[in-house]
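The next block holds one structure in the form of structure tokens; read it before the comments.
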Amino acid sequence: MSEQVHHEEAKIRGAFSSRKVFIFAAIGSAVGLGNIWRFPYVAYENGGGAFIIPYLVALLCAGIPFLFLDYSLGHRNRGSAPLSFARLRRGAEGLGWWQVGICFMIAVYYAAVIAWAVRYTFFSIDKAWGSDPEGYFFGDFLQAGDPGVQADLVPGVLIPLVIVWVAVIAIMVAGVQKGIGATSVVFIPILFLAFGVLVVQALLLDGAAQGLDALFTPNWDALTEPGVWGAAFGQIFFSLSIGFGIMITYSSYVHRDTDMTGSGAVVGFANSSFELLAGIGVFAALGFMAQANGVAVSEVASDGIGLAFIAFPTIISEAPAGALIGVLFFASLVIAGLTSLVSVIEVVISAVRDKFEMSRVGAALAVSVPCMIISLIFFSTTSGIFVLDIVDHFINLFGILLVAVVSMLVISWGFRSLPMLADHLNHNGSVHIGTWWRVLISVVAPLALSYILIDQFITDVDTPYEGYPQWMLLTFGWGAAVAVIVFGFLATSVPWRSETSLEAPPSAADTNASRGGS
Ligand code: PHE
């Protein structure tokens, strides 16, 4: 009977064919640019080796518990983020649409970074940046002018961006299993392999040990700084792809009888392992760069765009086997980014499909094509990079983290749903969810995240982020964060398609209870 229900449901909404495919897709989402270009520097800046303590605390006290919460919502309620929230309580639907709005925005700019990495994979072969990677990136490649909106097209970005979108649209049209599932099963092992080879290459470079020293030497004093703890919680939330609808969506495609908690433990472990691997690879390479230029590692350490598009090209130019390192590094960025990009777009597609009577292909196109067009308008022009930087900063904080805190508080204190959700997870789960989970979700994690948010809010109000003009920050930063909330509320007024039931489907745990089981 449960088999039949699963097949029916799979036909209507799509589904992963097995637990393995789900785990690969979830790892594909979690392992993204954040692991490669964000974690190493965050760890280095916040105590080095000592960062392991706040990191593990954040992982175990907020990351994994919240991952379980996302899983329980999607897996129990069998819906996209808005449908899963609506099935929890009718009035909570807007939280799901808020997440959908965030995902839409992220998709628009994430694609641009992947497009740059596609270009740089090829640039690595002949070291196209010559002796001035920085000037090349901003001047020759992006053709960035002053921060401001100019709409001059940059063909060197436009073409790879179109290619990225065509690939993404093909995956989205192919569907949950044949598109997302198959892509992840093929590319995630390739990613781990390619990155593994890259790390070995990096460790062979002169000066690698110096880089690792810089990364791992513990600064125990850092543990007394609240900002260090905040950085750990922020990194974990972003890195595990939790709180923004992705894991709700993916777990709604998993067979009802699946062990979700065991799967979550696997995903969390794989994600953190990749993060550690990236830290080693990146800092070994930075150690080489420091030694080659006769400076301290602190002079060359950086993250994000600066690390990938300025420091790495320098390393690639100077290192023996530089071209190999370059191709492996940028190809890894492309794969890690692509499997994360499809996960954010699926949040939107799934919601559209649940809400309206739309076929897979229809919804995939209705979502991806506008997303592509906006992405092309903003990011193939000369001021793309500034908009990207601003949206990224504000959406990560006042989008992802804010919606995470609000939903935790609403679910635990407003609806008091945690015991029911815990029962659901425990029914087939191999990690037992006890009182500890409720305490972490209702008290510990919200306190930690609220602290980060308030602290960052004050900073961003006091000092304009990166010195950008106020009007840009208001439009693309604060404006974007508010727009997704407004969108969330407006979307709830659109009626659901006729056959979508807003009743929560019976959980395996309920059926068993009614039979008089545990
Ligand atoms: N976990 C992803 C990362 O580390 C976060 C992310 C997912 C970002 C999906 C964008 C889209 O990069």
Side-chain angles (χ1 to χ4, degrees), residues 24-43 55 58-59 62-64 66-67 70 81 99-115 117 164 168 171-172 180 183-184 187-188 191-192 195 231-250 264 267-279 282 303-305 307-308 332-350 367-368 371 375 379 388-389 391-397 399-401 403-404 480 484:
F24 272 108
I27 295 175
S29 174
V31 173
L33 301 179
N35 297 57
I36 300 178
W37 79 13
R38 196 166 179 276
F39 171 80
Y41 191 71
V42 170
Y55 180 85
L59 177 69
I64 300 281
F66 200 90
L67 185 64
D70 267 356
Q99 296 178 328
V100 168
I102 293 172
C103 287
F104 188 87
M105 294 235 177
I106 294 179
V108 166
Y109 71 81
Y110 215 70
V113 180
I114 301 172
V164 167
V168 168
I171 296 171
M172 300 331 283
I180 300 171
T183 309
S184 309
F187 282 104
I188 292 304
L191 171 65
F192 275 72
F195 207 82
F233 279 83
Q235 173 63 25
I236 286 291
F237 263 72
F238 185 73
S239 180
L240 278 176
S241 298
I242 44 185
F244 48 129
I246 300 177
M247 291 302 158
I248 299 181
T249 308
Y250 274 12
V267 172
F269 178 76
N271 182 59
S272 290
S273 309
F274 195 92
E275 228 150 42
L276 188 62
L277 196 66
V282 165
D303 66 347
I305 291 167
L307 174 77
S332 296
L333 277 185
V334 173
I335 299 178
L338 200 66
T339 47
S340 296
L341 177 60
V342 298
S343 73
V344 276
I345 301 182
E346 182 59 22
V347 172
V348 188
I349 294 179
S350 178
V367 169
S368 318
C371 208
S375 179
F379 299 114
L388 189 149
D389 189 21
V391 181
D392 182 56
H393 176 79
F394 281 81
I395 280 291
N396 283 339
L397 285 168
I400 299 180
L401 285 191
V403 73
V484 286

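All residue numbers in this chain count up from 1 along the given sequence. Start at 1 and go down the list; that is how both ligands and their atoms are numbered. Quick caveat: nothing in here was measured; it's all calculated off a predicted structure.
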Q: Before giving the answer on side chain to side chain contact (heavy atoms under 4.5 Å, CB included), spell out for S239 and N271 the whole-Å C-alpha distance, their side-chain angles and the decisive distance to 0.1 Å.
A: CA-CA 8 Å; S239 180; N271 182 59; 2.8 Å; yes
**Q.** Amino acids contacting ligand 1, non-hydrogen cut-off under 4.0 Å
**A.** S29, A30, G32, L33, G34, N35, I106, Y110, F238, S239, S241, I246, S340, S343, V344
Q) Given I242, which of I248, L67, I400 fulfils the side chain to side chain contact (heavy atoms under 4.5 Å, CB included) condition? A) L67
Q. Between F274 and F39, is the ring centre distance below 6.0 Å?
A. no
Q. Cut-off 3.5 Å, side chains only: do T249 and S350 have a donor facing an acceptor?
A. no
Q.
Treating N396 as the side-chain partner and D392 as the backbone partner, does any N or O pair qualify as donor plus acceptor under 3.5 Å?
A. yes
Q: For residues T339 and V31, determine if any side-chain heavy atom of one lies less than 4.5 Å from a side-chain heavy atom of the other.
A: no
